[in-house]
There are 2 protein chains.
Amino acid sequence: MPRTAPHMPLKLAEAAFEQFATEGFANVNLDQIAVHAGVTKGAIYCHYKSKHELILAACMHYYRLYQVKVHGLIASVPDPLDRLRKVLELSIYNCVIDKKNRVFTTEIFALSLQHIDVRSGWAQFYDTVRELFIGLVTTAKLAGQLQIEDPRSAVDMMLSAIEGIKLRATFEPHISDPVEQQNLVQGLLKILGYTEGSSADVMQKS
Amino acid sequence: MPRTAPHMPLKLAEAAFEQFATEGFANVNLDQIAVHAGVTKGAIYCHYKSKHELILAACMHYYRLYQVKVHGLIASVPDPLDRLRKVLELSIYNCVIDKKNRVFTTEIFALSLQHIDVRSGWAQFYDTVRELFIGLVTTAKLAGQLQIEDPRSAVDMMLSAIEGIKLRATFEPHISDPVEQQNLVQGLLKILGYTEGSSADVMQKS
DNA sequence: AATATACAATACTTGCCAGTATCTTATTAT
DNA sequence: ATAATAAGATACTGGCAAGTATTGTATATT
């Protein structure tokens with residue numbers, strides 16, 4: 001048997017992600033990616049059979065990264081509402097502060113319009129995120145920390161807002177302020193039925 | 001003096017919009033646009049000095065169209081809450097049902113990441129939309145139809161949600177259902193402080 | 001009618017970049 | 001050691017599309 005390079009696909013996907021997330025899919029050529037991975041274009045074609053496949057690999061890499069981050073966070077926070085808030089903070093960070101993630105996902109949206117495989121990849125990823133949030137919200141609701149009738153539709157609206165916030169971050173840099181961050185998280189929690197002050201005992205007032 | 005063709009720039013911008021909104025900026029070449037405008041590529045360069053300028057013109061065309069539609073709607077509905085609801089319905093229609101608008105704006109977002117002129121064009125447009133909504137919400141609030149403290153931040157969150165809904169529409173076709181439409185409008189109104197039922201007299205209950 | 005000039009058509013150049021063909025090198029099983 | 005083969009380097013091809021040079025044509029002023 002000859003030598004093998006099992007790390008190369010990942011290494012190339014990482015390098016591709018970095019480049020794509022900085023300059024966009026259309027503005028990056030395979031030579032650039034190759035240079036950043038410390039190889040030449042020919043080597044890329046040993047592991048991926050087209051630029052498109054490399055793009056898909058970069059997407060998968062991004063999805064994995066997000067999952068790892070989120071589940072690490074969830075495992076470390078016991079209280080349901082705290083956990084929800086932490087995940088929201090992470091999501092906002094991912095979308096707003098971390099420019100690479102923001103650019104990369106925005107590019108994915110545009111590419112999804114034309115390529116069904118990119119689209120279904122994102123759809124699958126997004127489903128896991130949605131279910132994750134529905135779980136978090138339901139748990140917090142059962143703990144009496146949220147006043148919400150339909151967690152599913154609330155989560156859908158909240159996730160829409162996050163995506164929209166991501167887009168706005170491109171045009172409104174002030175969104176990156178730490179203070180603004182907290183306001184955004186607060187606004188998202190509000191969509192999820194969090195009422196400021198003594199949380200769950202608002203209903204009893206009337 | 002020679003002949004003149006004052007309608008050509010608009011005609012080309014319209015044709016460009018149509019093509020870009022169908023296939024995306026990167027997948028449309030100037031020959032295609034020329035054919036759809038009933039001219040040849042050479043003619044385009046009489047009116048625009050690059051593809052990029054034509055893209056900007058297509059953007060401006062889109063912005064104008066939206067403004068015309070919205071202001072036509074506003075003028076025809078007297079009640080503040082009704083007016084707000086109608087504008088929201090139009091916005092959802094624009095973002096979700098009207099695929100061309102959805103595709104075109106998504107492409108703008110991606111292009112904005114790299115091109116400052118595209119970005120500032122959108123930012124300017126978005127500002128007018130934001131101010132419009134703030135006006136609508138404030139009017140409805142003063143009329144006692146909305147329970148909202150800070151119209152500005154509520155509108156920001158609501159507009160984020162709309163943008164996010166637009167993105168989701170690419171991945172979740174069921175959003176196009178008429179029923180779902182109304183749910184979305186209802187959810188957006190909720191963000192703006194609309195409490196279902198007898199609207200403005202909720203406070204008095206406690 | 002003549003002519004100046006903007007509009008438009010045609011044909012061409014140029015550069016970029018995905019993908020390929022071919023050659024080299026390193027590794028491992030025998 | 002050596003044959004077999006995967007990984008990688010280098011150099012090339014081919015196609016696409018933006019932009020340009022040139023030529024043609026219609027119109028408005030004189």
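Naming convention: chains lettered A, B, ... in sequence-line order (proteins, then strands); numbering from 1 in each chain.
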What integer distance in Å separates His47(B):NE2 from dG19(D):P? 17 Å
Considering only heavy side-chain atoms of Ser50(A), the closest of dA9(D), dG19(C), dA7(D) is dG19(C)
Between P on dG15(D) and CG on Asn29(B), what's the gap in Å once rounded to a whole number? 17 Å
Length of the line joining Ile33(A):CD1 and dC17(C):P, which is rounded to integer Å: 12 Å
Strictly by modelled atom types, are Asp156(A) and Ser153(A) linked by a side-chain donor-acceptor pair under 3.5 Å? no
Out of dG8(D), dA9(C), dG19(D), which nucleotide sits closest to the side chain of Cys46(A)? dG8(D)
Winner on side-chain proximity to Tyr45(B), out of dA9(D), dA18(D), dA8(C), is dA18(D)
Under 3.5 Å, is there any donor-acceptor pair linking the side chain of Lys41(A) to the base of dA9(D)? no
Can Glu18(B) and Lys100(B) be counted as an ion pair, charged N to O under 4.0 angstrom? yes
Nearest-nucleotide pick for Thr40(B), side chain only, options being dT20(C), dG8(D), dA9(C): dA9(C)
Given dC7(C), dA17(D), dG8(D), identify the nucleotide with an atom nearest to the side chain of Ala5(B). dC7(C)
Between Arg102(B) (side chain only) and Lys166(B) (backbone N and O only), is there a donor and an acceptor less than 3.5 Å apart? no
Measure from the side-chain heavy atoms of Ala43(A) and tell me the nearest of dG19(D), dG8(D), dA18(C). dG8(D)
Whole angstrom is fine here: how far is it from NE2 in His7(B) over to C1' in dC7(C)? 10 Å
If the threshold is 4.0 Å, N to carboxylate O, is there a salt bridge linking Glu172(B) and Arg130(A)? yes
Using whole Å, report how far CG of Asn27(B) lies from C1' of dC16(D). 13 Å
Between C1' on dC16(C) and CZ on Phe25(A), what's the gap in Å once rounded to a whole number? 20 Å
For Val103(A) and Phe20(A), work out which heavy atoms get closest and say how close. CG1-O, 4.2 Å
Rounded to whole Å, the NE2-P distance (His52(B) to dA17(D)) equals 19 Å
Nucleotide dA17(D), atom C1' - distance to CD of Gln19(B) in whole Å: 15 Å
